[in-house]
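A quick write-up on the structure given underneath.
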There are 2 protein chains.
Amino acid sequence: MMINRNNPIPAYIQLKRIIKDQILAGRLMPGDRLEPEWKLAARYGISRNTVKKALDGLKQEGYIHQFQGKGTFVSQPRISHRFVTTISFTEELLARGLRPSSRLLEGGELIPPADIAKELGLRKGEKVYKIRRLRFANDDPVGVNLSYIPCKICPGLLGEDLEKGSLYALIQEKYHFRIVKVRRDYETMPVDREIGELLEMELGSPVLKMTGVVFNEMGKAVDYSIEHYK
Amino acid sequence: MMINRNNPIPAYIQLKRIIKDQILAGRLMPGDRLEPEWKLAARYGISRNTVKKALDGLKQEGYIHQFQGKGTFVSQPRISHRFVTTISFTEELLARGLRPSSRLLEGGELIPPADIAKELGLRKGEKVYKIRRLRFANDDPVGVNLSYIPCKICPGLLGEDLEKGSLYALIQEKYHFRIVKVRRDYETMPVDREIGELLEMELGSPVLKMTGVVFNEMGKAVDYSIEHYK
DNA sequence: CAGTGGTCTAGACCACGCT
DNA sequence: GCGTGGTCTAGACCACTGA
């Protein structure tokens with residue numbers, strides 16, 4: 001399949017279509033490396049910038065990812081878009097016109113309990129960062145967030161400012177992930193003493209407990225979190 | 001604010017930040033037209049291609065849109081998919097000031113496939129209602145909802161008006177449940193033909209697929225649903 | 001018509017991963 | 001060192017809009 005320069009469809013869209021078809025047809029499998037950009041440019045008789053524009057689109061749609069110095073690879077699952085916006089406490093509150101903020105309660109590094117290690121797909125002895133934050137909306141405490149994040153996935157995370165903005169945005173920006181899959185359990189339950197004190201609630205009032213795992217485009221679990229919301 | 005070429009942050013990201021800040025600060029209001037690309041390039045001392053890359057990012061994030069031959073305009077604040085913290089489509093849309101409605105595509109009674117029976121905790125041969133609805137926001141189709149609800153939990157459900165309001169509200173009211181636990185999986189994927197036609201989307205555009213189970217206060221699964229949203 | 005964004009080129013240098 | 005993607009330039013022509 002070649003690019004037809006008489007076709008009014010732009011070359012980068014034609015190339016995108018060609019590569020996408022190869023992925024959907026299984027001729028390119030998840031994990032496969034594509035030819036380097038310069039070679040694609042030569043093969044299809046277009047400039048490298050045009051190849052980049054095609055690849056940008058495919059990256060955007062979650063079909064591929066790229067690593068500087070390594071190459072271009074077909075992504076694991078199907079497709080992704082901006083999942084952050086649907087899962088981020090920070091953006092959620094901003095969208096509602098509230099002012100979100102956080103206070104770091106605890107940040108450390110440890111070997112996680114077996115059940116959490118299993119959810120994260122970690123081998124025995126692999127460490128995680130444990131990050132516990134109290135969340136505010138307009139300075140009212142509204143939630144407690146406990147996250148376990150594999151150290152090998154996000155090295156140096158504790159050196160970041162964990163009280164500013166969205167943790168997911170930080171992770172995606174710093175480590176160049178895209179979050180493509182989310183699993184969430186929601187449950188209402190009476191509040192226990194510890195959470196109740198943090199959220200300034202009466203003992204036994206109902207809280208929303210949310211447990212979740214998020215996955216990046218390579219199918220790796222990036223975060224296991226337990227959250228309690230008023 | 002200018003672009004600092006000694007700053008290791010790429011010029012296009014610096015420009016993106018500058019423009020985004022102007023929008024967030026209200027110096028650029030929704031509907032305002034930005035300077036033409038060539039003028040931005042001259043003002044910030046970078047090439048037009050670099051300006052385009054910054055604008056592409058902002059377009060991508062929904063802050064601006066562009067029209068060939070007309071210019072670059074600040075977008076209305078984005079409506080984000082915030083299904084995570086809400087259970088009910090109806091309530092979600094009402095909260096956003098949109099008018100929700102539904103059209104019943106399919107309503108019947110059947111023995112569910114084994115995997116769905118398992119999710120619902122049903123014994124062999126126990127029937128479910130299968131309810132498929134197209135969802136509208138202000139008469140635009142925005143989602144397709146497929147629900148499996150155990151007949152023994154909600155007897156006579158098909159006799160109700162399934163196009164009016166929230167199915168969850170109906171179920172909770174008629175059968176005196178409280179929904180206390182929800183499990184949700186979110187994933188984005190390219191739209192297939194059937195859903196694409198219902199939602200009036202181009203084949204392969206990304207849709208949010210949500211799969212979920214809700215439980216009542218007795219721990220019984222009340223509903224297994226598969227939904228696709230624009 | 002002039003002005004705008006859309007596409008595209010043929011280069012360049014840099015940052016990074018690997019061997 | 002070499003190959004990769006990341007960024008950037010200074011042009012060019014086209015398609016579309018609106019006066």
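Since this is a predicted model, take the numbers as computed values, not measurements. In what follows, chains carry the letters A, B, and so on, assigned in the order in which the sequence lines appear, proteins first and then strands, with residues in each chain numbered from 1.
- With a 4.5 Å cut-off on side-chain heavy atoms, A:Cys151 and A:Tyr129 count as touching.
- In terms of modelled atom types and a separation under 3.5 Å, the side chain of A:Asp32 and the main chain of A:Met29 share a donor-acceptor contact.
- One atom, CD of A:Gln66, and another, P of C:dA15, lie 19 Å apart when rounded to the nearest Å.
- Along DNA chain D, the stretch of nucleotides lying under 4.0 Å from any heavy atom of chain A spans, 5' to 3', D:dG3 to D:dT9.
- Mapping B:Gly71 and A:Pro10 onto DNA chain C by nearest heavy atom places B:Gly71 closer to the 5' end of the strand.
- Rounded to an integer number of Å, the gap from NE2 of B:His65 to P of C:dG5 is 12 Å.
- Contact check of residues 43-58 of chain B against DNA chain C (heavy atom, cut-off under 4.0 Å) returns B:Arg48, B:Asn49, B:Lys52.
- A 4.5 Å side-chain heavy-atom check between A:Val222 and A:Val213 finds every atom pair outside the cut-off.
- A:Lys70 has its NZ atom 8 Å from the P atom of C:dG17, to the nearest Å.
- A sub-4.0 Å separation between OP1 or OP2 of C:dG3 and a side-chain N or O of B:Trp38 is absent.
- To the nearest angstrom, P of C:dG5 lies 12 Å from CZ of B:Phe67.
- The side-chain heavy atoms of A:Val144 and A:Glu227, taken from C-beta on, include no pair separated by under 4.5 Å.
- In this structure, A:Arg33 has no side chain to side chain donor-acceptor pair (under 3.5 Å) partners at least two apart in sequence or on a different chain.
- Geometric assessment of A:Lys53 against the ring of A:Tyr12 yields a positive cation-pi assignment under the 6.0 Å and 45° thresholds.
- The backbone N or O of A:Tyr224 sits nowhere less than 3.5 Å from a side-chain atom of A:Glu119 that would complete a donor-acceptor pair.
- Side-chain contact check for A:Val128 versus A:Leu120: some heavy-atom pair is nearer than 4.5 Å.
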